[in-house]
Participant: 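Just dropping this structure here.
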Amino acid sequence: MMELQVIWLIRLVVACVLCLCIFIRSASSATEGFKSIACCADSDYTDPLTTLNYTTDFHWYSDKRGCRQIPDIVLSHRSNENVRLFDIDEGKRCYKLSTIKDQVYLIRGIFPFDSSNSSFYVSIGVTELGEVRSSRLQDFEIEGVFKATKDYIDFCVLKEEVNPFISQLELRPLPEEYLHDFGTSVLKLISRNNLCGTKDEIRFPVDQNDRIWKATSTPSSSLPLSSNISNVDLKGSVTPPLEVLQTAVTHPEQLVFIHDDLETDDYEYSVFLFFHELNSTLKAGERVFDIYLNSEIKKAGFDVLEGGSKYNYTVLNISANGSLNITIVKASGSKFGPLLNAYEILQARPWIDETNQTDLVIIQKMREELLLQNKDNEALGSWSGDPCKLFPWKGIECDGSNDSSVITKLDLSSNNLKGTIPSSVTKMNNLQILNLSHNHLDGYIPSFPPSSLLISVDLSYNDLMGQLPESIISLPHLKSLYFGCNQHMSDEDQTKLNISLINTDYGRCKAKKPKFGQVFVIGAITSGSVLITLAAVGILFVCRYRHKSIPLEGFGGKNYPINIIFSLPSKDDFFIKSVSVKPFTLEYIELATENYKTLIGEGGFGSVYRGTLDDGQEVAVKVRSATSTQGTREFDNELNLLSAIQHENLVPLLGYCNEYDQRILVYPFMSNGSLLDRLYGEPAKRKILDWPTRLSIALGAARGLAYLHTFPGRSVIHRDVKSSNILLDHSMCAKVADFGFSKYAPQEGDSYVSLEVRGTAGYLDPEYYKTQQLSEKSDVYSFGVVLLEIVSGREPLNIKRPRIEWSLVEWAKPYIRASKVDEIVDPGIKGGYHAEALWRVVEVALQCLEPYSTYRPCMVDIVRELEDALIIENNASEYMKSIDSLGGSNRYSIVMDKRALPSTTSTAESTITTQTLSHPQPR
């Protein structure tokens with residue numbers, strides 16, 4: 001008997017062990033492919049609610065200085081009590097997660113809000129998933145569905161208004177059925193609803209895919225249903241868990257679900273509707289309904305019980321913007337009204353291709369090689385995610401003109417790098433510019449293959465050894481080579497090498513030299529200066545002769561200097577000046593500014609000081625401050641742009657300094673300050689500008705912008721047009737300034753659009769802000785605001801005024817549309833302008849401020865209108881002077897017959913008519 005009991009006991013133990021093994025294997029199988037990351041968690045842990053294992057993110061980011069504890073009010077029901085804050089000047093930070101190619105995944109980020117009204121963006125790879133915008137304290141989740149295209153995926157947070165942060169990151173395999181019609185898209189979750197659910201949310205382990213089903217209140221007048229179901233023939237792999245299907249809503253006639261907070265851009269949406277009949281007495285044909293999306297019928301005669309099963313679902317697609325209305329209506333002849341248990345809405349976003357896969361693999365390999373000796377290097381630490389898109393990596397430039405972006409420039413100069421030159425750099429087949437100068441790199445210079453496209457190589461100021469490889473010298477496209485100041489390189493006389501290059505230091509040290517990459521621009525401009533100067537002198541002579549032939553006396557008999565109104569060249573006179581952008585040493589800058597003695601302004605880049613060059617020319621010296629939100633990219637942007645583009649109405653760049661982490665730009669001193677200063681700036685700088693001068697300034701700025709927008713090859717968008725960026729020289733000639741945020745206009749074939757919306761409050765194009773779609777018309781909108789400033793003498797935003805007058809645009813528009821322009825005109829110029837000329841400017845401003853860019857004029861058209869206004873103003877001034885000399889009355893408004901106006905600024909006669917009107921009606 002005793003032996004029998006022992007046998008039964010052994011069998012029981014074995015059975016328990018087997019059950020435990022089966023349970024463990026089942027649990028392991030259920031979570032296979034799951035990745036759960038708890039940011040800044042002290043150690044790995046198991047979530048008590050979901051039983052899922054979470055790992056700390058110190059493998060990705062070991063620095064604990066960015067870790068913060070989440071306040072209890074925000075923490076809610078999430079397991080991680082911490083959040084990682086990325087304190088970065090610009091760019092992105094990414095988590096690289098391993099995936100299986102062609103597997104469909106759900107990826108979800110948790111972002112506990114702070115109390116500030118701010119935002120940043122989230123992306124899967126380089127495809128923008130959504131914006132994290134804080135408006136109230138809560139947990140905020142962004143979830144997407146995608147198909148893996150390789151063996152890993154980057155989940156990135158991108159800095160915008162604030163430093164990005166994240167608390168948890170979750171990756172889960174999903175059935176491929178989710179991407180039924182959107183295999184090449186990313187689906188962003190808009191809503192996942194458990195109708196009449198009894199729990200706040202249902203997720204793993206109840207939902208084996210760890211989808212989070214949130215309990216949703218029922219529509220008005222609908223009826224809740226519930227049933228404790230157990231055995232259900234569930235169709236499809238996207239089916240919700242039974243606990244979700246146990247509740248539903250119904251209505252005798254129709255159910256309506258409205259989502260009116262969608263993005264206003266056109267997107268495709270995928271709608272999953274799940275039905276389970278909870279009334280066991282119903283038969284097929286007794287509950288039939290029609291399904292509408294935004295009033296468009298998508299399914300007619302849908303019967304849950306068709307085919308004998310009590311469960312059914314459908315997936316519907318629709319294009320929508322702004323709102324989505326799901327309406328389920330009782331079908332004709334049906335005995336019962338519609339029913340719905342749960343639904344999901346997902347927004348389809350086109351998948352954006354990443355950087356060329358070969359370049360991507362090589363640059364990541366290079367990063368790994370460099371990190372072996374440079375673990376805490378700041379530049380390498382910022383290399384995260386895709387190297388070319390959504391904030392390119394520091395020191396990298398790419399070409400996206402083909403199907404995918406390729407890396408064409410690698411500049412890691414002055415980054416305190418140690419170790420050998422990575423061998424992987426020789427495999428970058430698209431690289432054209434390589435700059436590793438001013439580091440501590442040692443070892444030998446690797447050999448480069450003959451197929452290399454390198455044009456420029458700078459390896460100077462390192463600790464390299466050996467001889468210069470023949471493979472570099474013989475590269476077919478090489479035009480520039482620097483390798484001096486490597487004291488351990490061979491003593492062989494490098495001048496004997498067969499180096500037939502445009503630029504080389506022959507292995508010798510140079511005391512000072514401009515940063516690599518700017519040599520070509522400077523050299524090209526300098527070498528052509530003689531020929532261009534001859535052409536410029538000729539054009540200036542013609543322009544001066546033309547200007548002297550125009551009547552100069554202004555309105556009411558007042559004399560105006562020749563260059564106030566007519567010093568600006570017409571469109572046909574655009575030319576490139578012979579200005580050579582010079583590299584200055586820091587010592588020279590300090591001497592020229594008397595150690596930054598005279599501060600004349602402050603900006604986003606830094607402080608501006610007055611100085612004097614050796615030749616006596618007065619200059620404005622812009623010095624980047626340590627706390628500036630603008631950095632290397634803005635410095636390089638302005639330097640490269642102004643080295644290539646010169647125009648009478650663009651502020652020229654005279655020189656720059658880039659030493660010891662100092663970034664300095666040198667411009668001619670503009671003695672009359674900015675348009676903002678003159679209109680409503682500090683009292684010491686403010687000065688009433690008469691109307692002809694204002695009109696001249698508007699025309700000059702318009703011509704400068706028109707030149708940018710029509711620049712040969714590819715137009716340039718300024719992106720920060722405002723009155724403070726329109727400077728006035730000694731003769732009040734307007735010059736557009738500050739090109740730190742300028743960009744080339746997007747073209748067909750560009751692989752991505754930057755999410756960095758740049759501009760200034762009050763001037764920012766609302767369409768650009770909303771869509772992030774950049775075009776020249778964004779500058780046009782901003783210029784429209786400037787025109788209103790010129791007319792009214794008011795700032796674009798002023799919250800010290802009554803609420804209705806905070807926004808200049810919103811305040812002025814009703815007066816313009818009601819033909820009450822006199823109500824918005826600056827009191828300082830009343831009685832000193834011609835009505836028709838003013839009306840032309842106001843109407844142009846109104847057209848520039850159209851909400852949709854399609855309806856705005858281009859800058860070239862604006863220039864023509866302002867030229868016409870200037871002709872009218874000048875001729876009217878002459879006419880009024882003649883009336884005054886004859887003792888005539890000045891109570892008439894003078895209106896020009898536009899058909900008789902000349903097409904260019906000239907002295908051709910114009911047809912003048914008179915009307916006894918206080919102002920003309922708008923055209």
Side-chain angles (χ1 to χ4, degrees), residues 91-102 123-129 146-156 158 183-186 349-371 379-380 382-412 421-436 446-457 475-478 517 633 636 714 743-744 746-756:
K92 59 181 179 260
R93 292 295 182 269
C94 303
Y95 288 84
K96 183 178 179 180
L97 307 176
S98 59
T99 57
I100 299 173
K101 187 177 180 182
D102 295 329
S123 74
I124 297 177
V126 296
T127 302
E128 176 205 335
L129 188 58
F146 69 98
K147 177 181 283 190
T149 58
K150 52 184 183 296
D151 59 1
Y152 71 89
I153 189 67
D154 289 313
F155 185 89
C156 305
L158 294 78
T184 58
S185 299
V186 171
R349 291 172 171 253
W351 177 266
I352 298 177
D353 290 332
E354 299 170 286
T355 296
N356 175 275
Q357 186 64 26
T358 302
D359 280 11
L360 195 58
V361 171
I362 293 173
I363 198 67
Q364 289 174 340
K365 174 66 174 174
M366 184 186 304
R367 179 178 182 272
E368 293 173 4
E369 292 181 50
L370 288 171
L371 281 174
L380 298 176
S382 69
W383 282 13
S384 183
D386 190 275
C388 292
K389 302 181 180 182
L390 297 181
F391 294 105
W393 288 0
K394 182 179 181 181
I396 283 181
E397 292 183 11
C398 305
D399 180 4
S401 58
N402 295 321
D403 292 338
S404 62
S405 295
V406 295
I407 299 172
T408 57
K409 179 179 179 180
L410 176 62
D411 184 353
L412 289 176
I421 296 176
S423 59
S424 52
V425 72
T426 64
K427 300 176 183 177
M428 299 185 69
N429 295 328
N430 300 294
L431 194 64
Q432 298 177 24
I433 298 175
L434 174 63
N435 189 351
L436 300 176
S447 296
F448 287 79
S451 58
S452 172
L453 299 179
L454 278 170
I455 298 172
S456 308
V457 176
L475 289 177
H477 305 285
L478 195 64
R633 182 168 53 176
D636 290 342
R714 191 166 187 181
K743 277 186 175 292
Y744 286 113
Q747 291 181 332
E748 186 177 352
D750 286 353
S751 52
Y752 76 102
V753 177
S754 172
L755 298 175
E756 298 175 280

Participant: With a 3.5 Å distance limit and no angle check, can you tell me whether Lys365 reaches the backbone of Pro422 through a side-chain donor-acceptor pair?
Facilitator: no
Participant: Give, for atom CG of Asp411 and atom CD1 of Ile433, the distance between the pair rounded to the nearest 0.5 Å.
Facilitator: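 One gets 8.5 Å once the value is rounded to the nearest 0.5 Å.
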Participant: With the side chain counted from C-beta on, respond yes when Met366 and Leu410 share a heavy-atom pair under 4.5 Å apart, and no when they do not.
Facilitator: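 Yes. Closest side-chain heavy atoms under 4.5 Å.
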Participant: For the side chain of Trp393 and the backbone of Ser382, is there at least one donor-acceptor N/O pair under 3.5 Å apart?
Facilitator: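 Answer holds: no.
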Participant: Nearest 0.5 Å, please: how far is CD in Gln364 from OG1 in Thr355?
Facilitator: 9.5 Å
Participant: Are Lys96 and Tyr152 in a cation-pi setup, meaning NZ or CZ lies under 6.0 angstrom from the ring centre and within 45 degrees of the ring axis?
Facilitator: yes
Participant: Would Asn356 and Asn430 count as having a side-chain donor-acceptor pair, cut-off 3.5 Å?
Facilitator: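 There is no such pair (donor and acceptor under 3.5 Å, judged by atom type) between the side chains of Asn356 and Asn430.
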Participant: Does atom NZ of Lys150 have more than 12 heavy-atom neighbours from other groups under 6.0 Å away?
Facilitator: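 Yes - once you tally the heavy atoms of other residues, nucleotides and ligands closer than 6.0 Å, there are more than 12.
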Participant: Of all the heavy-atom pairs spanning Ile396 and Pro387, show the shortest one and how long it is.
Facilitator: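 In terms of heavy atoms, the two residues are closest at CG2-O, 3.9 Å.
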Participant: How long is the gap from CD1 on Ile455 to CG on Leu431, to the nearest 0.5 Å?
Facilitator: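 Ile455 CD1 to Leu431 CG: 9.5 Å, rounded to 0.5 Å.
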Participant: For a quick test of reading the model, state the closest non-hydrogen atom pair linking Pro350 to Ser185 and the distance between them.
Facilitator: CA-OG, 4.4 Å
Participant: Give a yes or no on whether the backbone of Leu380 and the side-chain of Arg367 come within a donor-acceptor separation of less than 3.5 Å.
Facilitator: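 Side chain of Arg367 to backbone of Leu380, a donor-acceptor pair under 3.5 Å: yes, one is there.
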Participant: Taking side chain to side chain contact (heavy atoms under 4.5 Å, CB included) as the criterion, tell me which of Cys398, Ser123, Ser405 meets it with Lys389.
Facilitator: Ser405
Participant: Within the side chain of Lys147, is there an N or O that forms a donor-acceptor pair under 3.5 Å with the backbone of Gly183?
Facilitator: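 No, because the side chain of Lys147 does not come within donor-acceptor range (under 3.5 Å) of the backbone of Gly183.
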Participant: Taking all non-hydrogen atoms of both residues, which atom of Pro449 and which atom of Leu475 are closest, and how far apart?
Facilitator: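 So the minimum-distance heavy-atom pair works out to O-CD2, 3.4 Å.
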Participant: To check you understand the geometry: which heavy-atom pair defines the closest contact between Gly125 and Leu390, and what is its length?
Facilitator: O-CD1, 4.2 Å
Participant: Verify, without hydrogens or angle tests, whether Thr127 (side chain) and Trp351 (backbone) share a donor-acceptor contact under 3.5 angstrom.
Facilitator: no
Participant: Kindly compute the distance separating NZ (Lys394) from CG (Leu412), expressed to the nearest 0.5 Å.
Facilitator: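 Output value for this atom pair is 9.0 Å.
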Participant: Looking only at non-hydrogen atoms, find the nearest pair between Ile124 and Val186 and report the distance.
Facilitator: CD1-CG1, 3.9 Å
Participant: So, do Trp383 and Ile363 sit near enough that their side-chain heavy atoms are less than 4.5 Å apart?
Facilitator: yes
Participant: State the CD1-CG distance between Ile421 and Leu434, to the nearest 0.5 angstrom.
Facilitator: 7.5 Å
Participant: Can you see which heavy atom on Ser447 is nearest to which on Thr426, and at what distance?
Facilitator: O-CG2, 3.3 Å
Participant: Quick check for you: to the nearest 0.5 Å, what is the distance between Ile407 atom CD1 and Leu360 atom CG?
Facilitator: 7.5 Å
